[in-house]
4 protein chains.
Amino acid sequence: MYPKFSSLEPEKKERIIKAAIKEFARSGYERASTNEIIKEANIAKGSLFNYFHNKKELYLFLLDYIADFIEKIYDELDWDETDIFKRFKEIASTKFKMYNRFPQAFDFLQAIAQENALEVKSEIDKRMKKFVLDNGFERMCRNIDVTKFRDDIDIEKAMNIINWTALGFAEQQSDQVHSSEDFNVEQLKEWDRYLDLMKRCFYKKEENA
Amino acid sequence: MYPKFSSLEPEKKERIIKAAIKEFARSGYERASTNEIIKEANIAKGSLFNYFHNKKELYLFLLDYIADFIEKIYDELDWDETDIFKRFKEIASTKFKMYNRFPQAFDFLQAIAQENALEVKSEIDKRMKKFVLDNGFERMCRNIDVTKFRDDIDIEKAMNIINWTALGFAEQQSDQVHSSEDFNVEQLKEWDRYLDLMKRCFYKKEENA
Amino acid sequence: MYPKFSSLEPEKKERIIKAAIKEFARSGYERASTNEIIKEANIAKGSLFNYFHNKKELYLFLLDYIADFIEKIYDELDWDETDIFKRFKEIASTKFKMYNRFPQAFDFLQAIAQENALEVKSEIDKRMKKFVLDNGFERMCRNIDVTKFRDDIDIEKAMNIINWTALGFAEQQSDQVHSSEDFNVEQLKEWDRYLDLMKRCFYKKEENA
Amino acid sequence: MYPKFSSLEPEKKERIIKAAIKEFARSGYERASTNEIIKEANIAKGSLFNYFHNKKELYLFLLDYIADFIEKIYDELDWDETDIFKRFKEIASTKFKMYNRFPQAFDFLQAIAQENALEVKSEIDKRMKKFVLDNGFERMCRNIDVTKFRDDIDIEKAMNIINWTALGFAEQQSDQVHSSEDFNVEQLKEWDRYLDLMKRCFYKKEENA
DNA sequence: TATGAATGAGTCTTCATTCAT
DNA sequence: TATGAATGAAGACTCATTCAT
């Protein structure tokens, strides 16, 4: 894909990736300044355009890079767990770990979700929708034991509600925290309470016994 | 406020408003091009700056304009209805009408919520937060009869779930529709089914009798 | 010359002239704002361009207007006085009166002298040089009794020195005063001392007896 | 200071300096067009703003550049000469050389002295007043042997007259020449005659013996 | 391969002048 | 005749991208 960039020394690659993610997260695609990235990464003006033909290509590379990152997270999940609430609980704690490993990724993901620039919007849709817009909702719902749900409720709808609640909760928390000590245990507990509430409501009585 | 613009012929005012909303919705504040607005509205370069002193003033005008628009919608709602699901149902059908009257407003609202530009961010917070960030969640939950909820669930959490579901559903639908024949009756029916599901789950049995 | 302007009611004419002189004096030709003149004179945008075809024509009119004003001052002088120092003394006190009658004229004259704008520079040279650059030096030196000067000095040079000294003194004073109580008696006395000094130096001994 | 500009090839630097001085001299600070400078210097639009952050910085650079130039001239003068007329004679011939080396400097200096733009006025005062407003009058009068003057004349006034005469003569000559073959020997001789005249008038008899 | 100076299309904004009413 | 909204050329300045070294 990006042979010139790939064959760079890893330390330099990382510097460029971090700088670019930081700048794109802060300013969005159009407003992001290649000058700022160059300065932060401590490379020459021309170099960036040697590695990537233009700003868009750099952005698309980062899109793929972040997608790979998320993919790896997903790979760590136990997809054999068939209880949806246990799975969502696991996802949350995995996100928690992920955040501490690579916090900028979250800011960038949020920026991607909010990106308006026409030039890259379609590419985002193509590559990232599954991760960004619904956190891989389809995948998350695969192999779920639907027999636990109450018979009188539409399972697809229930799953949507669970997912939207997860997204809503995440956004609410990120608004509240915003760069303090980040994700914390109390937030995980609060999320547990949401999951419990929904479990009590959506599962058959005997499942909640 | 904006006397020169106000005294314009309505047809021209509307052309300018529509063009500006379209451009700001598409590109955000910073990247939005006054040239594009001028071209789309079919007015002269200087005219825009006769009506509004600068780009920011135009944007702030649109902020107020859209706030007024939403306020009018809210005023039409029956705030004496204490059943949360009936209220959310009414809100949905009101949004439905609103969308058909002024579809661009929705795109612009989304753009406002995502706006990063420092120059206007504080103004957005000042004027729009109540509408944009939580769709007036607080207001929506005021005067709600909470005795109908099951005793074993946290009411605040339940309300959050209802709200996040509303937001999630709206986004899902708008993604699916995206400028075709707009909101339609089928979507309203589907939303009813979501509300019914949640009602069955969150309310006491007798309320669902 | 400017028939439309001339047939205006005098009160309105004066308002426009004062406003224009004030603005041109403050900002120079290019930078002067017709908007400012219009606002100050309390007339409509289009009116100014009815009376004068464009900014340049207005400026040229003011040039002539101020030239007439100066001409009137000169007409009041006693050109039969043949002693150059007495004449320069009279000129100074006439300027003194003139300043109190129409102070803006001086600021405008200074602005004219400093005007750089290509568009009007040649016109200034054509019409105003005699007044501005040398205060009508030629005229001032006409009919002077040159026999009073020492025989060993070049009369033309002596007269130049007297004139340059007058100009230098005027500029020095205007720098020092700069919009306080304007010209004052002390300044006139100091100027007398300069004239006395030069008289003692340039005139024959018997003239200073 | 201005590292990007400083490290340019000298030929290009000179082209830019000449073009900028020409434009600022012709039009003053505000009205001077960076487009014009760019065209005249044959560089790209963006280049000028790579070298200097903005128009003001370019102007301030020129201010310092011209100040250095004048300073060098002054340094060449013999400040141990205590006879004021000899000193003024030397100044004139130094100016003569200076003019032939860098004629535009004179026009620019005149423009600086007449500059009205608020944005740069205070900077001019800070850096240039000593050179511009009085041609370093104070400095010129330092270390002068005042005992040679006649006892019956005010020495400060006499010095002012000499200085104003110098300024007046310079302006008269520059008006007459105005970009032809520049300063010439005849002008220097004429200036000598003025100095002789004043010496005969202001000095004691024995000094003129 | 790495560099960073050079490029110029594009940005918002101003203002003298025109012209329909 | 008086009006002021409309016009658009010109202003300073930005920044992704190119290219000679």
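Residue numbers start from 1 in every chain, and the chains themselves are labelled A, B, ... in the order their sequence lines are given, proteins ahead of strands.
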I want to confirm an ordering. Mapping D:N35 and D:H53 to their closest nucleotides on DNA chain F, which one lands closer to the 5' end? D:N35

5′-ward residue of the pair A:G46/C:L48 relative to DNA chain F: C:L48

Under 4.0 Å from OP1 or OP2 of E:dA2: is there any side-chain N or O of A:K45 that close? no

Ignoring backbone atoms, test whether D:S47 places a side-chain nitrogen or oxygen under 4.0 Å from the OP1 or OP2 oxygen of E:dA5. no

B:F52 CZ - E:dT14 P separation (whole Å): 15 Å

Would you give the length of the straight line joining atom CG of A:L60 to atom NE2 of A:H53, rounded to the nearest 0.5 angstrom? 13.5 Å

d(A:Y59 OH, A:D64 CG) to nearest 0.5 Å is 12.0 Å

Enumerate, in order of first residue number, the stems that involve DNA chain E, defined as 3 or more consecutive Watson-Crick or G-U wobble pairs with both distances under 3.5 Å. E:2-21 with F:2-21

When you measure from the side chain of C:K55, which nucleotide among E:dA9, E:dT3, E:dA16 comes out closest? E:dA16

Qualifying residues under ring pair (Phe, Tyr, Trp, His ring centres under 6.0 Å), relative to C:F49, sequence neighbours excluded: none

Residues which pass side chain to side chain contact (heavy atoms under 4.5 Å, CB included) with B:E40, listed by chain and number, not counting sequence neighbours: B:A19, B:K22

Remember a base hit wins even if backbone is also touched, and classify B:N50 as base, sugar-phosphate or nothing at under 4.0 Å, heavy atoms. base

